[in-house]
A.B. asks: 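Mind looking over this structure? Questions follow.
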Amino acid sequence: METYPITVGKITRHVPVVETLPGVHIPLVELMGDVELVQAAAEALVKHLPAETDILLTLETSPIVLAHVMSALSGKPYIVVRRKRRPYMQNPIIQEVESLTLGVSETLWLDSRQAERLLGQKVALVFDVVSSGGTMMALEKVATRAGATVVARLAAFHQGSSKLPITSLAEIPILQSA
Ligand SMILES: O=P(O)(O)OC[C@H]1O[C@H](OP(=O)(O)OP(=O)(O)O)[C@H](O)[C@@H]1O
Ligand SMILES: Nc1ncnc2[nH]cnc12
């Protein structure tokens with residue numbers, strides 16, 4: 001199995017390289033289930049949280065573990081935007097997202113009871129991987145539609161060569177094959 005080394009602080013993982021679209025291969029970042037890697041990434045990313053940040057905003061699935069530990073370390077609360085409509089949602093914010101990397105379109109959902117907590121707040125977006133930036137842009141739209149101001153865009157990993165306005169800890173490649 002082909003692997004690729006990813007490093008955050010003192011933690012290195014040799015992760016599998018997987019094909020997401022024909023001829024497009026990416027090192028698969030899996031924070032869920034990896035306490036040491038999540039802890040290292042959270043400790044490094046909280047240092048980039050602007051002091052003015054009121055709330056961390058993340059989305060299902062993988063970045064939740066990162067936002068959770070960052071919240072514990074910083075004392076700032078966090079909100080999770082959902083990728084599925086849940087039956088108990090009331091008047092949710094509904095936002096389309098297109099992830100060019102994975103070639104799928106998705107919808108983000110935020111219950112109005114959570115959206116109300118964002119009104120007038122300064123938020124930091126928290127991601128595990130930002131690649132095309134499509135998901136980040138959609139999450140930012142959710143935040144602004146809820147009346148928040150985005151003060152930071154934080155990601156453990158930035159993937160590919162796009163110039164996105166994010167703070168990340170490490171770069172990982174998108175590998176093309178013939
Ligand atoms: O910059 P983009 O091209 O939009 O890609 C980044 C998105 O991909 C990952 O999620 P993934 O689809 O792997 O879902 P998961 O968190 O449920 O594993 C990551 O958590 C971001 O949400
Ligand atoms: N490298 C990666 N690892 C896990 N999920 C991803 N989504 C987009 N790129 C990814």
Side-chain angles (χ1 to χ4, degrees), residues 1-8 11-42 44-45 48 55-71 78-86 92-110 114 123-146 150 152-177:
M1 179 181 61
E2 188 187 353
T3 62
Y4 186 88
I6 60 170
T7 299
V8 173
I11 307 296
T12 297
R13 299 286 185 247
H14 296 272
V15 304
V17 174
V18 298
E19 188 171 37
T20 52
L21 293 169
V24 178
H25 299 76
I26 58 171
L28 184 62
V29 174
E30 288 193 284
L31 293 186
M32 289 185 298
D34 192 334
V35 174
E36 286 180 333
L37 186 61
V38 172
Q39 187 72 26
L45 279 180
H48 296 283
I55 297 187
L56 313 181
L57 185 65
T58 195
L59 78 163
E60 292 181 311
T61 312
S62 325
I64 297 175
V65 290
L66 183 59
H68 186 95
V69 178
M70 287 176 66
S71 174
Y78 73 103
I79 289 176
V80 180
V81 170
R82 308 298 297 265
R83 283 178 134 142
K84 266 191 192 163
R85 180 172 204 142
R86 311 313 308 163
I93 291 176
I94 305 167
Q95 181 63 52
E96 296 302 319
V97 51
E98 207 160 309
S99 171
L100 301 179
T101 320
L102 301 181
V104 290
S105 58
E106 290 184 318
T107 306
L108 303 185
W109 304 84
L110 185 63
Q114 299 293 340
V123 307
L125 308 182
V126 175
F127 278 84
D128 55 345
V129 185
V130 170
S131 185
S132 69
T135 312
M136 185 183 74
M137 279 191 282
L139 190 64
E140 182 148 354
K141 280 190 190 146
V142 172
T144 52
R145 287 175 62 191
V150 173
R153 301 166 188 86
L154 306 178
F157 298 94
H158 172 240
Q159 172 174 280
S161 54
S162 58
K163 296 266 177 278
L164 294 164
I166 63 166
T167 301
S168 63
L169 302 172
E171 301 285 330
I172 55 174
I174 298 176
L175 307 159
Q176 310 279 344
S177 68

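As the structure lists them, so they are numbered: ligands from 1, and atoms in each ligand from 1.
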A.B. asks: Could an N or O of ligand 2 be found under 3.5 Å from any N or O of Ile172, whether backbone or side chain?
C.D. replies: no
A.B. asks: Can you tell me which portion of Glu30 lies within the under-4.0 Å heavy-atom range of ligand 2? Options are side chain, backbone, both, or neither.
C.D. replies: neither
A.B. asks: Return yes or no for this condition: an N or O of Gln159 is under 3.5 Å from an N or O of ligand 2.
C.D. replies: yes
A.B. asks: Is Leu110 close to Ile79 at the side-chain level, that is, under 4.5 Å between some pair of heavy atoms?
C.D. replies: yes
A.B. asks: I need the contact type for Ser62 against ligand 2. Using non-hydrogen atoms and a strict under-4.0 Å cut-off, is it side chain, backbone, both or neither?
C.D. replies: neither
A.B. asks: Looking only at heavy atoms, is any part of Thr61 under 4.0 Å from ligand 1, and if so is it the side chain, the backbone, or both, or is it neither?
C.D. replies: both
A.B. asks: Can you sort out which atoms of ligand 2 are near Ile26, meaning under 4.0 Å from one of its heavy atoms?
C.D. replies: 1 (N), 2 (C), 9 (N), 10 (C)
A.B. asks: Which of the atoms of ligand 1 are close to Val129, meaning less than 4.0 Å from one of its heavy atoms?
C.D. replies: 6 (C), 7 (C), 19 (C), 21 (C)
A.B. asks: Heavy atom to atom 1 (O) of ligand 1, shortest distance: which of Ser131, Gly160, Ala138, Pro63 holds it?
C.D. replies: Ser131
A.B. asks: Report the part of Val29 in contact with ligand 2, treating N, CA, C, O as backbone and CB onward as side chain, heavy atoms under 4.0 Å; options are side chain, backbone, both, neither.
C.D. replies: both
A.B. asks: May I ask which of Met32, Arg83, Met137, Glu106 has a heavy atom nearer to atom 14 (O) of ligand 1 than the others do?
C.D. replies: Arg83
A.B. asks: Under a 4.5 Å cut-off applied to non-hydrogen side-chain atoms, are Val15 and Val29 in contact?
C.D. replies: no
A.B. asks: Report, in ascending order of atom number, the atoms of ligand 2 lying under 4.0 Å from any heavy atom of Leu28.
C.D. replies: 3 (N), 4 (C)
A.B. asks: Is there a polar contact, in the sense of an N or O pair closer than 3.5 Å, between Val129 and ligand 2?
C.D. replies: no
A.B. asks: Please confirm whether the backbone N or O of Gly23 pairs with a side-chain atom of Glu19, one donor and one acceptor, at under 3.5 Å?
C.D. replies: yes
